[in-house]
Amino acid sequence: MNMTKKMQDAFNAQIAAEMWSSNLYLQMAFWFRKEGWKGFSSWMFKQSEEERQHAMDMAQFVLRRGGEVCLTAIEAVKTSWADAKEAFVDTLAHEQNVTGLINRLADVADEEKDRASQNFIAKYIDEQVEEERNVQDILDSFAHLSSHAVAHIDSHLAQRQ
Ligand SMILES: [Fe+2]
Ligand SMILES: [Fe+2]
C-alpha cells in the first residue's frame with residue numbers, strides 16, 4: 001500500500017530538516033578547519049555525511065512506498081561560533097530539536113495507521129538517543145577540561161609562601 005499524501009509531506013519536511021542538519025555540520029566543519037581544529041573539523045564532516053545519508057535513506061523509503069520526493073529550499077545556517085564549545089552547545093540544541101521533529105513524524109505515522117512508516121521511523125528514534133548522548137559526552141569532556149584548569153590554578157596558588 002502506498003503512503004498517504006500526509007505521510008509523504010511529513011517525510012519531505014523531515015528530508016529538508018536532515019539536509020539543513022547536513023549543511024549546519026558542514027559549515028561547522030569548514031569553520032573548525034579555518035580555526036585550526038582538525039579533529040573537530042573531521043568529526044563534523046562525518047556528522048554532515050551522516051545527516052545527508054539520513055535524507056537519502058528517507059527519500060528512498062518514500063520512493064519505495066510509491067511517494068514523491070520534493071526537495072525544498074534550505075535555509076542558511078549560522079556561519080561562525082565564539083569557540084569550539086559553543087559549536088557543540090549548538091549541536092546538542094539542534095539534535096534535541098530534531099528529536100522533536102522525529103517524534104512528530106512518528107505521530108503522523110500513528111495517525112495514518114501506517115505500520116511500515118512506524119517501523120522505518122523507529123530506527124531514527126533510537127538514532128536520536130545516540131546522537132544526543134554522543135554530543136552530551138563531548139560537552140561533558142569540555143566541562144572536565146575546565147575543572148582540570150581550575151585544579152591547575154588551585155595547585156599553583158597552594159605554592160604561595
Ligand atoms: Fe539525522
Ligand atoms: Fe543528527
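Heavy atoms only: backbone and side chains are in, while hydrogens, waters and symmetry mates are out. Counting convention: from 1, in listed order, for ligands and their atoms alike.
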Discussion item. I need the full list of salt bridge (Lys or Arg N to Asp or Glu O under 4.0 Å) pairs touching residues 70-83, with sequence neighbours left out, sorted by first then second residue.
Written reply: Lys78-Glu86, Lys78-Asp90
Worksheet entry | Nearest heavy atoms of Trp31 and Ala84, plus distance in Å | CH2-N, 4.1 Å
Practice prompt. Taking Gln8 for its side chain and Glu68 for its backbone only, find out whether a donor-acceptor pair lies under 3.5 Å.
Written response: yes
Response to the item:
By ring-ring contact (aromatic ring centres under 6.0 Å, His included), Phe45 pairs with (sequence neighbours left out) Phe30
Worksheet entry | Whether Phe32 and Phe40 hold their rings parallel, tilted or perpendicular, with breakpoints at 30° and 60° | tilted
Item to complete: Could you please give the number of protein N/O/S atoms within less than 2.8 Å of the Fe ion (ligand 2)?
Response: 4
Discussion item. According to salt bridge (Lys or Arg N to Asp or Glu O under 4.0 Å), does anything in residues 111-123 pair up with another residue at least two apart or in another chain? List the pairs.
Written reply: Lys6-Glu111, Lys6-Glu112, Asp57-Lys123, Arg65-Asp114
